[in-house]
Amino acid sequence: MPPYTEQCKIANYLDQKCSEIDAITKDIQSQIETLEQYKRSVITEAVTKGLDPDVEMKDSGIEWIGKIPKNWKTAKLKYAIGMLTDYTANGSFADLAKNVEYHDFEDHARLIRLTDLRENLNNPGVYVNNEAYNYLSKSKLFGGEVLVANVGAYAGLFCEMPVIDRPATLGPNMFLIRANSNITNHFLFYIGNSFIVCEQLSQKAFSAAQPKLNKTDVKTIHLIIPPKEEQQIITTFLDNKCSEVDILIKDKQQQLSTLSDYKKSLIYEYVTGKKEVPAE
């Protein structure tokens, strides 16, 4: 506990320094948001207009979609999926509670939650044993599936299940989608992250007090579906383009982490007397 005058001196100095750090932090956060919007714009342009700027266009028949390439078609998602399921398809809440126990240590299978996908599975996981994994047979994951958050602030967010080196099964609060022969899972993942689909799901999810989507909400969204060979070309392009943007975003996020650590260290050093406020 330093003398009162020294406390004031330290507090004033830290107010100034922390304000400078906060301003830089806010600017970097704004840059990340701009990069995220740019990425979504690139995705939207590619999955709704294609990659050929000279392609012949036609009216989609849907006012808010506008024109699309002549050989593309529109359809509701229900005509493009082979399977739509979720965690609760395995049994009643009572049966799930009785047959599935979560472990915070590594066990037979990883239970995949939205937070895991948002952290690229680098966070501490939740696991289930072999018996629970087999009980959850209707929502086993093998990699490549499209997963859609259906509750909360991220309702409508499309994710893609990576291939991992252990058994995996779907956790609560997400839908599992496997596409049919009309569309690839990978293209569905990208179109799910376009403004076209995001806006549709946002309107459905946030129409009530608690953001939530049901299976009908998901099935009835409109998609734009190009021929399969074009889907492959577009996803390859987007894989490369989004990877470049993701590298920039990751670098900005590292800068935020460094600034946060620096701010904590700065406060610690001055309030504990490790450093003295410079003379004016």
Side-chain angles (χ1 to χ4, degrees), residues 77-78 80-181 183-193 197 201 205 210-219 235 238-239 242-243 246-247 249-250 253-254 257:
L77 180 58
K78 64 182 179 180
I81 57 177
M83 185 182 77
L84 172 61
T85 190
D86 60 9
Y87 178 81
T88 58
N90 294 288
S92 66
F93 287 112
D95 285 341
L96 285 163
K98 182 171 63 175
N99 289 281
V100 181
E101 181 178 339
Y102 297 170
H103 299 153
D104 58 5
F105 54 86
E106 289 198 16
D107 207 327
H108 179 74
R110 181 157 183 175
L111 188 84
I112 302 299
R113 305 160 298 162
L114 178 61
T115 185
D116 300 319
L117 297 171
R118 293 183 60 243
E119 296 290 335
N120 295 317
L121 277 70
N122 293 321
N123 59 324
V126 170
Y127 300 85
V128 296
N129 61 24
N130 185 53
E131 290 74 18
Y133 173 70
N134 289 327
Y135 175 79
L136 298 170
S137 60
K138 293 182 179 178
S139 54
K140 290 181 178 180
L141 298 170
F142 304 97
E145 297 90 352
V146 175
L147 307 180
V148 185
N150 59 20
V151 176
Y154 289 97
L157 178 65
F158 272 61
C159 301
E160 193 171 32
M161 178 63 196
V163 177
I164 61 175
D165 60 358
R166 68 182 317 125
T169 187
L170 185 70
N173 303 328
M174 285 190 291
F175 292 130
L176 186 164
I177 299 177
R178 291 194 180 97
N180 62 21
S181 59
I183 192 170
T184 66
N185 283 331
H186 201 36
F187 187 83
L188 178 58
F189 160 71
Y190 274 124
I191 197 169
N193 279 285
V197 170
L201 289 177
Q210 165 70 359
K212 190 172 184 179
L213 294 168
N214 58 43
K215 290 178 182 177
T216 300
D217 291 330
V218 175
K219 287 179 180 179
T235 53
L238 288 175
D239 284 346
C242 291
S243 178
D246 287 340
I247 289 172
I249 292 173
K250 186 176 181 179
Q253 290 171 335
Q254 183 58 53
S257 179

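Note that the numbering runs from 1 along the sequence shown for the chain.
To the nearest 0.5 Å, the span separating NZ on K215 from CD1 on I81 amounts to 9.5 Å. Note that CG of L176 is 9.5 Å distant from CE of M161, once rounded to the nearest 0.5 Å. In this structure, CG in L77 is found 6.0 Å from CG in L188, a value given to the nearest 0.5 Å. With rounding to the nearest 0.5 Å, the separation of OH in Y127 from CD in E106 is 4.0 Å. Between D116 atom CG and M174 atom CE the span is 7.5 Å, to the nearest 0.5 Å. Distance check: N99 CG to N134 CG gives 11.5 Å after rounding to the nearest 0.5 Å.
Although no hydrogens or angles enter the test, the distance criterion places a donor-acceptor pair under 3.5 Å between the side chain of N129 and the main chain of E131. Between the side chain of N90 and the main chain of K138, a donor-acceptor pair closer than 3.5 Å is present. Judged by distance alone, the side chain of R166 and the main-chain N or O of D107 form a donor-acceptor pair under 3.5 Å. Counting only distance, with no hydrogens or angles, the side chain of N185 and the backbone of A179 share a donor-acceptor pair below 3.5 Å.
Partner of N150 under the side-chain contact (heavy atoms from CB on, under 4.5 Å) criterion, chosen from V218, L213, L114: L213.
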Criterion side-chain contact (heavy atoms from CB on, under 4.5 Å) on V128 and Y102, from CA distance to verdict: CA-CA 5 Å; V128 296; Y102 297 170; 4.3 Å; yes
Criterion side-chain contact (heavy atoms from CB on, under 4.5 Å) on R178 and T85, from CA distance to verdict: CA-CA 9 Å; R178 291 194 180 97; T85 190; 5.9 Å; no
Side chain to side chain donor-acceptor pair (under 3.5 Å) between R118 and Y154, worked out: CA-CA 10 Å; R118 293 183 60 243; Y154 289 97; 2.6 Å; yes
Trace of the side-chain contact (heavy atoms from CB on, under 4.5 Å) decision for L157 with L117: CA-CA 11 Å; L157 178 65; L117 297 171; over 6 Å; no
Verdict with supporting geometry, N173 and Y87, side-chain contact (heavy atoms from CB on, under 4.5 Å): CA-CA 8 Å; N173 303 328; Y87 178 81; over 6 Å; no
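The minimum heavy-atom distance linking Y135 with G91 is given by the pair OH-CA, 3.6 Å. Residue C159 comes nearest to F189 through the heavy atom pair C-CD1, 3.7 Å, listed as atom of the first residue, atom of the second, then distance.
The 12-atom threshold is not exceeded at NZ of K250, counting heavy atoms of other residues, nucleotides or ligands nearer than 6.0 Å. Heavy atoms of other residues, nucleotides or ligands lying less than 6.0 angstrom from NZ of K140 number more than 12.
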